[in-house]
Amino acid sequence: MIPKSVWKDNKLYQPETLTSIFREKSEDLGVLQQVIDFDGKQSKGAIGGQDESETIRHFIERFFASAARVQFVVIDPHKTLNDISNDIKASFGSGNISVLDIPCGTGASILSLLCNIREMRVHKLLPCLPVHISITAGDYSETALEIYADFIIKIKPYLEEVNIFIDCNTHMWNAKNVSSTDEIMNIFLEKKESEEYYIFMSAFSGEVANNINDYEDSISYIQARVSNLNSCILHIEPESNNAEKFYKLLLKLIKKFICYIVLEEKSDKGFLWIHPLNNKEIKGGYYIKLFKRYG
Ligand SMILES: C[S@@+](CC[C@H](N)C(=O)[O-])C[C@H]1O[C@@H](n2cnc3c(N)ncnc32)[C@H](O)[C@@H]1O
């Protein structure tokens, strides 16, 4: 039930569509060789940042780590994430959905989600019903937003082949600032035709866990703004102490809104993925929380 193109011998392989747009962008940025040469064992792991250099470093070192983590959740090769994985596939299965991708970085997570759903549609493992996805993406790195916007233009035609139609707006957003958060929420919620408002926050715990007080107000505000809508908030983080701290905060804040159920999964043994540009075998892990509004 899983395409061999992305899962073979108990290892994840990246979709060719994602690999090819990433390779092209790496060449444009003049960093392809650095991506190929990067040795994960010698790095603590970049988390990105506002500057161009921090953003490019994260792009070189961590793009496919984020992508592989989301890929594991979407394709769920061991069938251990049934409820969460099926819920994601149902939300992105048909109709109109509005997605808020924050902080979006250079797009590894959302591109992985979309490219892996595409892969399953191509192999007739998911229905090819039309789905219109309106993406609002925010980050405080201008460089990340530029790369993200370019990726979206490049991936669009591949997605349209299987009836996935996307439009996207990128916005400067500072998560420490509630009025900046208010602006991006207004843009996201403007899409009145949406059947579901889907907030996707991936790989943010490394930043938030070390500065909890700076983020509390914005996160609480985001939760409040969607608490009366058909909505969900999906968090996919690496398994780490930072994720534990981040989730502790999220759970404390979401308690104000009684209308959410919380699904969660954590990898115990982790998974293996193959880097598509240097064929290295790398270990990954995940810690997921899906806040789903009911009623
Ligand atoms: C580890 S990356 C994750 C990006 C993306 N979600 C992914 O999975 O690849 C973290 C991102 O958070 C952004 N970021 C950090 N602090 C931020 C803040 N205060 N406001 C907005 N974005 C921020 C960084 O620019 C970076 O792009």
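First listed ligand is number 1; within each ligand, the first listed atom is number 1. Predicted, not measured: the structure shown is a model, and the values here were computed from it.
- Nearest protein neighbour of atom 15 (C) of ligand 1, counting heavy atoms only, is Tyr140 CE2, 3.4 Å.
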Could you tabulate the donor-acceptor pairs under 3.5 Å formed by side-chain atoms of residues 151-161, not counting sequence neighbours?
| residue | atom | partner | partner atom | Å |
| --- | --- | --- | --- | --- |
| Lys154 | NZ | Asp150 | OD1 | 3.4 |
| Lys154 | NZ | Asp150 | OD2 | 2.7 |
| Lys156 | NZ | Ile166 | O | 2.6 |
| Glu161 | OE1 | Arg118 | NH2 | 2.6 |

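- Of all atoms in ligand 1, listed by their number and element, those nearer than 4.0 Å to a heavy atom of Ala108 are 9 (O).
- An N or O contact shorter than 3.5 Å is missing between Ala203 and ligand 1 by distance.
- On a distance-only criterion, Gln50 and ligand 1 share no N/O pair closer than 3.5 Å.
- Nearest to atom 4 (C) of ligand 1 among the protein's heavy atoms is Pro103 O, 3.5 Å.
- The protein atom (non-hydrogen) at minimum distance from atom 20 (N) of ligand 1 is Ala175 N, 2.9 Å.
- For Phe63, no heavy-atom contact with ligand 1 is shorter than 4.0 Å.
- Regarding atom 21 (C) of ligand 1, its nearest protein heavy-atom neighbour is Trp173 O, 3.1 Å.
- Inclusion of Phe204 in the set of residues having an N or O under 3.5 Å from an N or O of ligand 1 is not warranted.
- Across all their heavy atoms, Ser85 and Asp76 have their closest contact at OG-CB, 3.5 Å.
- A donor atom on one side chain and an acceptor atom on the other are not found under 3.5 Å apart for Thr55 and Thr143.
- Counting only heavy atoms of the protein, atom 25 (O) of ligand 1 lies nearest to Asp139 OD1, 2.6 Å.
- For atom 9 (O) of ligand 1, the closest non-hydrogen atom on the protein side is Ser66 OG, 3.4 Å.
- Under 4.0 Å from ligand 1, not a single heavy atom of Arg62 appears.
- Side-chain contact, Lys256 with Ser220: a donor N or O sits under 3.5 Å from an acceptor N or O.
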